[in-house]
Amino acid sequence: MGQYATTPPSALRIERELSPRAVLTGAVLGILLTPSNVYAGLKIGWSFNMSIIALLVGFGIWQSLARRNHRQPPWTLHESNINQTVASAAASIISGGLVAPIPAYTLLTGQQLDPVPMMAWVFSVSFLGIWIAWYLRPTLLNDNGLKFPEGMATLETLQHIYRHGQEAVTRIKVLFSAALLSGLVKWIDGFVWAIPRWGPTAQLERLTFTLDPSLLLIGFGGIIGIRVGVSLLIGALLAWGGLSPWLIDHGWVMLAPDATGPQFAKLVEWLLWPGVSLMVCSTLTALGIRLFIAPKTDQIPKEKSARAPFSPGPAVGLVLSIALVVGLQVALFGIDVWMALLSIPLAICLAVVAARVVGATGIAPIGAIGKLSQLTFGLVAPGQVPINLMSANTAGGAAGQSTDLMNDFKVGLAIGATPKKQVVAQCIGIFIGSVVGVLVYLALIPDPQHMLLTEQWPAPAVATWKAVAETLTHGLGSLTPQIRWAIFVGGFVGVLLGAFDTLLPQRLARWLPSSAALGLAFVLPASTSLMMGLGAVLTWAVSRRWPSLTERFAITVAAGLIAGESMTGVGASFWEMFKNL
């Protein structure tokens, strides 16, 4: 690979940064990768950080062109950074509410936003997060105790591909091979031959223990790790293998006597309550303890610090973003202007919390941030669904985009990138993501009332936001005594797991089940949890036998499996939509 095989990144002469080809490459990759996160978010409630995929693909394309045409200038380190910033910003747009509060709002009110207003809303909350991150940047990046693990992983990959260019080409081949395999399986299942999904017995099939021929789920299993994978398996056995038959036997869930096939929709109406309470209580407990015991840290010396000289541009951007978010809350959801204004300081405070947690742990607590904001508005404006969901969405969306940009700022600081140009790249990314994400969501879910919270589209994040909003709107008294007890037990277990997971030494805490995965298994079909658990176990087994091979290719293969199936599934939905026009 010429100079890139031997020259360390620090020695490269950087001549280009926010170049047209860097922005265009990030835009194209953002258009291709955003559908994967929308699809995965509606399927399993999780998304995948697309920074590393964007780095690999962008580097591979432009370095190949440079080899064929010696007049083609080399693809610089800073162009790679801009490329991944645009692409990852676009793909992270689902934190703006596309797979959680927006569908929940439709389910509870029956009102579906038109495409352009939905795009404007998703963009506005993400735009607010960008300017919050700008003002957080000097403080958080100068904090020596905040390592930003996700940003450092991106930086490591960026430096690695410039030192070992051939390795990047090898990983790209593996990525595309996995994507082709996954897409082919999805295409065969959708257009050639529907792969049978029968269960071992009719009873287990009713309880959703069926085959799910999804390589996307195997891929996510390879990313989540053995602890989370085994926790999903345990949760599926508890919820669908243990609690569900008991609910049916006691008549707390009524199934038709002649009902055949998976009965996910009926059973999840009950199971989501203990699952959601477990997830919410564990994440809030862990978040509270982390903030309470967070140690004071030293500052980085001034010569290495992130400086933010005053400029009127960011101030104008922040004011514009606030005006946009408040105006859209009033215009689209009929929220009182003073209540809409209240969402801004809450969003800023919770974005600070989220950014500090991400900096310390690498885990974005967006779910917990959303629940905190829902609880806040539930107390301030009880019984008002639009406020509870969409004003709370402001905090969750802003926090999600803020944490994404903070990781990019961490990379930029290490390689000497220009922060203002990173902000421009992030704004371009969220604009692209807003348009593409909304179009994909509407193509996948044209009828949310009948398609969501089903076995095909479990949408666990939607179920969580909807359940919290219903509880805060109608009160616990509207639920049956059995469900109230289930909420109490789930919440109690969640508090214990959240506390132990945070307070115990890491060597002991890793033996605890993951509370997030345990609760999620109550909201997903058992077939989904089983396939993800299988992916985690397979990856762990391979890593024990061939550790170096797994370190090189596990994430790359997993990313390919996720992208291949999700893009094929999205393409199939668009095909069906255009065919029916």
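The chain is numbered in sequence order, starting from 1.
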Within the distance-only criterion (no hydrogens, no angle test), does the side chain of [X] pair as donor or acceptor with the backbone N or O of [Y] below 3.5 angstrom?
X	Y	answer
D404	G400	no
S402	A399	no
T34	I31	no
S529	A526	no
K43	Q456	yes
N388	Q374	yes
S343	A340	yes
S244	G241	no
S182	L561	yes

| task | Could you list all the salt bridge (Lys or Arg N to Asp or Glu O under 4.0 Å) pairs where at least one residue sits in residues 469-479, not counting sequence neighbours? | result | K466-E470

| In terms of the angle between their ring planes, are W246 and H250 parallel, tilted or perpendicular, with boundaries placed at 30° and 60°? |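 Tilted.
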
| task | Take the angle between the ring planes of W252 and W270 and call it parallel below 30°, perpendicular above 60°, tilted in between. | result |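 It falls in the parallel class, under 30°.
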
Which heavy atom of [X] sits nearest a heavy atom of [Y], and at what distance?
X	Y	value
V468	V276	CG2-CG1, 4.3 Å
L442	P115	CD1-CG, 3.6 Å
Q401	Q426	OE1-NE2, 2.7 Å
L453	P458	CD2-O, 3.4 Å
D408	S88	OD2-OG, 3.8 Å
T106	Q449	O-NE2, 2.9 Å

| message | With a 6.0 Å cut-off on the ring centroids, do F264 and W240 count as close? | response |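 Close enough - the centres of the two rings lie under 6.0 Å apart.
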
| query | What do you reckon, are the aromatic ring centroids of W457 and Y39 less than 6.0 Å apart? | reply |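 Centroid separation for W457 and Y39: below 6.0 Å.
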
Looking at [atom1] of [X] and [atom2] of [Y], how far apart are the two atoms once the value is rounded to the nearest 0.5 Å?
X	Y	atom1	atom2	result
Q329	T394	CD	OG1	4.0 Å
L216	M532	CG	CE	8.5 Å
E565	S36	CD	OG	10.0 Å
S391	D336	OG	CG	10.0 Å
I53	I562	CD1	CD1	7.5 Å
C427	F123	SG	CZ	6.0 Å

I'd like to check [X] versus [Y] (side-chain heavy atoms, cut-off strictly below 4.5 Å). Are they in contact?
X	Y	answer
S566	K186	no
S373	L350	yes
S92	N37	no
V185	I195	yes
L342	L346	no
L207	P245	yes
L320	F127	yes
I387	V380	no

Could you tell me if [Y] and [X] have a donor-acceptor pair between their side chains, going purely by distance under 3.5 Å?
X	Y	answer
D212	S214	no
S51	Q84	yes
S231	S514	no

| said: Test side chain to side chain contact (heavy atoms under 4.5 Å, CB included) on K266 and M254; report intermediate values, then the result. | reply: CA-CA 8 Å; K266 284 284 186 182; M254 303 297 295; over 6 Å; no

| field | Stepwise side chain to side chain contact (heavy atoms under 4.5 Å, CB included) check, Y441 with L42 | value | CA-CA 9 Å; Y441 167 72; L42 292 168; 4.2 Å; yes

| request: Would you check, one step at a time, whether the test side chain to side chain contact (heavy atoms under 4.5 Å, CB included) holds for I93 with I430? | output: CA-CA 6 Å; I93 203 67; I430 65 168; 4.0 Å; yes

| request: Under the side chain to side chain contact (heavy atoms under 4.5 Å, CB included) rule, what do W273 and T471 come out as? Steps first, then yes or no, please. | output: CA-CA 10 Å; W273 295 102; T471 303; 2.9 Å; yes

| Flag if over 12 foreign heavy atoms under 6.0 Å of CZ, F333 | yes

| Under 6.0 Å from the CZ atom of F574, do we count more than 12 heavy atoms belonging to anything else shown? |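 Enclosed.
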
